[in-house]
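Nothing here was measured: the structure is a model prediction, and the numbers come from that model. In what follows, chains carry the letters A, B, and so on, assigned in the order in which the sequence lines appear, proteins first and then strands, with residues in each chain numbered from 1.
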2 protein chains.
Amino acid sequence: MTQLGTRDRIVAAADDLFYRQGFEATSFADIAAAVKISRGNFYYHFKTKDEILDAVIEKRFADRETMLAGWEVEGKTPQDRIESFINILIKNQSKIMLYGCPVGTLSSELVKLDHSAKEGANSILTLFRTWLARQFSAAGCMELSDQYAMHVLARSQGVATLASAFKDEGFVNAEVQLVTRWVQEKISSHASE
Amino acid sequence: MTQLGTRDRIVAAADDLFYRQGFEATSFADIAAAVKISRGNFYYHFKTKDEILDAVIEKRFADRETMLAGWEVEGKTPQDRIESFINILIKNQSKIMLYGCPVGTLSSELVKLDHSAKEGANSILTLFRTWLARQFSAAGCMELSDQYAMHVLARSQGVATLASAFKDEGFVNAEVQLVTRWVQEKISSHASE
DNA sequence: TTTTTTTTAGGACAATCATCCTAAACGACG
DNA sequence: CGTCGTTTAGGATGATTGTCCTAAAAAAAA
C-alpha cells in the first residue's frame, strides 16, 4: 500500500475535476480543496495551470495506453479487442451520461480555447485511432483499416455526446449493439474474400 | 435594410463568440468589444450573463426551426429532407472543423457546468430529434422512427467532434456519404414491406 | 546532533470577472 | 423650444482568478 505522492494526488484530483467540470471552469482553489493542500504547496509542484493540464493529459494518455495494452493481451481476436473498446460506453455508462467522454470533451474544449495543449489532448484520440486501425488491419481490412477506425471512433463519440444530453440508457445500449454488429459485418466480409 | 437593434447585435455577437470560444471563456467585455458598445450599455439590455445565454439559446432554437421549416418546403421526400440535415456537415464544414457543432458543444459545456440553461440547450437537440423522427415516420419507418432519428443525430455529432479534432476533410465527406447511404437503405427497406 | 534540502502553509499581488450605479446623451413629442 | 422616457457611457465594487513570495515545518544528509 504505497502512499500516493502529493504530485500524483494533485494530478488525480485535477483529472477528475477537469472531467466533471471542464478545464476552464476548474480553478487552482478547486483542485487544492479536493486534495486538501494549500495553494502554496500547489505552486511548489506546478507553476502554472497549463502545467497541470499537461500532466493530466499525460496521465490520461498513459492510462489509456495500459488499458489498450491490457485488451491486447486478454482479447483473443482483433474483433474481441475492438468490442472491448466499444464496450467502454457500457462500462462507464453512468459517468458518460453525466459528463460525456473524457477524451472527446476535453479535446473539444481545448480546441475552442485554442489552447496550446490541444494537440496533446488530440493525441489520445490518435492513440485510439491507430490502435483500432491496427486491430482492423490484423483482421484483414487492409487499406480500409484507418477508415474503419475513424468510423468506430466517431460513432463512439456521437453516442457519448447524446448520452450526456439525453441520459437515455436504452439508446446507449442499442447503439453499442449496432456498432458491434457493424464491426462484425465488416470483419467477416473481409475474411471471406 | 433595417438597422439591427442593439439587443439583437449583442445576441448575434454572443452567439458567435459562444460558438468560437465557449460560454465560460467568453466574458462580458469580449461581447461588448465585439459589438463596440460600453459595458454599461450592455447591462441595460441584459442584467446577467445567464440572460444572454438564454437569449442566445432562444435565437439558435429559432434559427434551427426556420432552417428545418425551410427544408420541409423545398425537400420533396422525407429522404431529401433528412439528407439536407446530414449535409449541414458539408455546408458548415470549415466552421465545424474549427469549432465543432454549435449545438452539441454548447450542450456538452452546459452539462459539465451543470448550468440551469442546459435543458434549453438540449431542447435544440430535441428539436432535431423530433424533426428527424417525423421524417422517418413519414417515410414509413413506424415505431423505429425515433431510434433512427437518434442514430443519425449521434453520427452527426460524432463526425463533428472528430472533424474539429483531426480537421480531416476527407473523413467528413466519407462519413456523410455513409450516413446518407444508411438512411437510404433503412427507408427503402421500410418502403418495400 | 547539526546542517541542508525538500515540502508545506498562507498571505500578497495585479488582473479580470460579473455586476451595479450615476449621469450624460439621445429621440420622440408637446 | 422644453420635457420626458429611452438608450448609452464609463467608473466603482467586491469576489475570484492565476501567480508569486516568504517563512515555517518536515525530511534527509552530514
Side-chain angles (χ1 to χ4, degrees), chain A residues 1-58 106 109-110 112-118 120-121, chain B residues 1-58 106 109-110 112-118 120-121:
Chain A
M1 192 69 156
T2 353
Q3 170 89 351
L4 227 54
T6 305
R7 201 197 126 99
D8 290 329
R9 286 190 298 136
I10 292 175
V11 175
D15 185 8
D16 181 54
L17 285 169
F18 288 174
Y19 177 36
R20 286 177 12 226
Q21 310 185 345
F23 169 69
E24 181 88 355
T26 301
S27 70
F28 265 63
D30 287 337
I31 307 172
V35 189
K36 282 170 189 158
I37 59 170
S38 65
R39 280 161 295 123
N41 187 5
F42 204 112
Y43 183 69
Y44 172 75
H45 292 281
F46 296 99
K47 299 218 182 305
T48 69
K49 203 184 172 186
D50 292 354
E51 268 185 39
I52 314 170
L53 178 58
D54 288 337
V56 167
I57 291 176
E58 252 180 63
L106 181 66
E109 186 181 358
L110 295 185
K112 288 212 187 218
L113 296 175
D114 199 24
H115 196 285
S116 61
K118 66 181 174 186
Chain B
M1 190 67 156
T2 353
Q3 170 89 355
L4 228 53
T6 305
R7 202 197 124 98
D8 290 328
R9 286 191 296 135
I10 291 175
V11 175
D15 186 8
D16 181 54
L17 284 170
F18 288 174
Y19 177 36
R20 286 175 15 226
Q21 309 185 347
F23 169 70
E24 180 89 355
T26 301
S27 70
F28 266 60
D30 287 337
I31 307 173
V35 189
K36 280 169 190 159
I37 59 171
S38 63
R39 279 160 296 123
N41 188 6
F42 203 114
Y43 183 71
Y44 173 75
H45 292 281
F46 296 98
K47 299 218 180 305
T48 68
K49 203 184 171 186
D50 291 355
E51 268 185 39
I52 316 170
L53 178 58
D54 287 338
V56 167
I57 290 175
E58 254 180 62
L106 181 67
E109 185 180 358
L110 296 186
K112 288 212 188 217
L113 297 176
D114 199 24
H115 196 285
S116 61
K118 68 180 172 186

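With sequence neighbours excluded, the residues that form a side-chain hydrogen bond (donor to acceptor under 3.5 Å, both in side chains) with Asp114(A) are Lys118(A). When the side chain to side chain contact (heavy atoms under 4.5 Å, CB included) test is applied to Ala13(B), the partners found at least two apart in sequence or on another chain are Ile31(B), Ala34(B), Val35(B). Every residue two or more places apart in sequence or in another chain that forms a side chain to side chain contact (heavy atoms under 4.5 Å, CB included) with Asp30(A) is listed here: Leu17(A), Gln21(A), Thr26(A), Ser27(A). Taking Thr48(A) as the reference, Asp50(A), Glu51(A) meet the side chain to side chain contact (heavy atoms under 4.5 Å, CB included) condition, with sequence neighbours excluded. Every residue meeting the ring-ring contact (aromatic ring centres under 6.0 Å, His included) condition with Phe23(B), not counting sequence neighbours, appears here in chain and number order: Phe18(B), His115(B).
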Report the C-alpha separation of Asn41(B) and Ile10(B) in whole Å, then their side-chain angles, then the decisive distance to 0.1 Å, and conclude whether the side chain to side chain contact (heavy atoms under 4.5 Å, CB included) test is met. CA-CA 10 Å; Asn41(B) 188 6; Ile10(B) 291 175; 6.0 Å; no
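Distance OH (Tyr44(A)) to P (dT5(C)): 12 Å, rounded to an integer number of Å. Spacing between atom OH of Tyr43(A) and atom C1' of dG10(C) amounts to 15 Å, rounded to whole angstrom units.
For the residue pair Ala14(A) and Val56(A), the shortest heavy atom distance occurs at CB-CG2, 3.7 Å. Contact record, Ala117(B) with Leu110(B): O-CD1, 3.9 Å, taken as the closest heavy-atom pair. Nearest approach of Leu113(A) to Ala25(B), heavy atoms of both residues: CD2-CB, 3.4 Å. Nearest heavy atom pair, residue Glu109(B) against residue Gly22(B), reads OE1-CA, 3.5 Å.
Distances shorter than 4.0 Å separate some side-chain N or O of Thr6(A) from OP1 or OP2 on dT8(C). Listed pair His45(A) / dT8(C) meets the phosphate criterion, a side-chain N or O lying under 4.0 Å from OP1 or OP2.
Contact check of residues 14-26 of chain B against DNA chain C (heavy atom, cut-off under 4.0 Å) returns Thr26(B). Listed in residue order, the members of residues 46-54 of chain A having a heavy atom less than 4.0 Å from DNA chain C come to none.
Close approach of DNA chain D to chain B, defined as any atom under 4.0 Å from a non-hydrogen atom of the protein, starts and stops at dT6(D) to dA12(D).
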Listing time: all N or O pairs from protein to nucleotides 12-16 of chain C that are below 3.5 Å?
residue	atom	partner	partner atom	Å
dA12(C)	N6	Arg39(A)	NH1	3.2

Look for any protein N or O under 3.5 Å of an N or O in nucleotides 23-26 of chain C and output each such pair with its distance, or none.
none

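Put simply, CD1 on Ile52(A) and CD1 on Ile57(A) are 12.0 Å apart, with the number rounded to the nearest 0.5 Å.
Looking only at side-chain heavy atoms (C-beta outward), Arg9(A) and Thr6(A) come within less than 4.5 Å of each other.
The residue among Lys36(B) and Gly40(A) whose nearest nucleotide of DNA chain D lies closer to the 5′ end is Lys36(B).
For residues 33-58 of chain A, every residue pair satisfying the ring pair (Phe, Tyr, Trp, His ring centres under 6.0 Å) rule, not counting sequence neighbours, is listed here: Phe28(A)-Phe42(A). Applying the salt bridge (charged side-chain N to carboxylate O under 4.0 Å, His left out) test to pairs two or more places apart or on separate chains, those with a residue in residues 13-27 of chain A are Asp15(A)-Arg60(A), Asp16(A)-Arg20(A).
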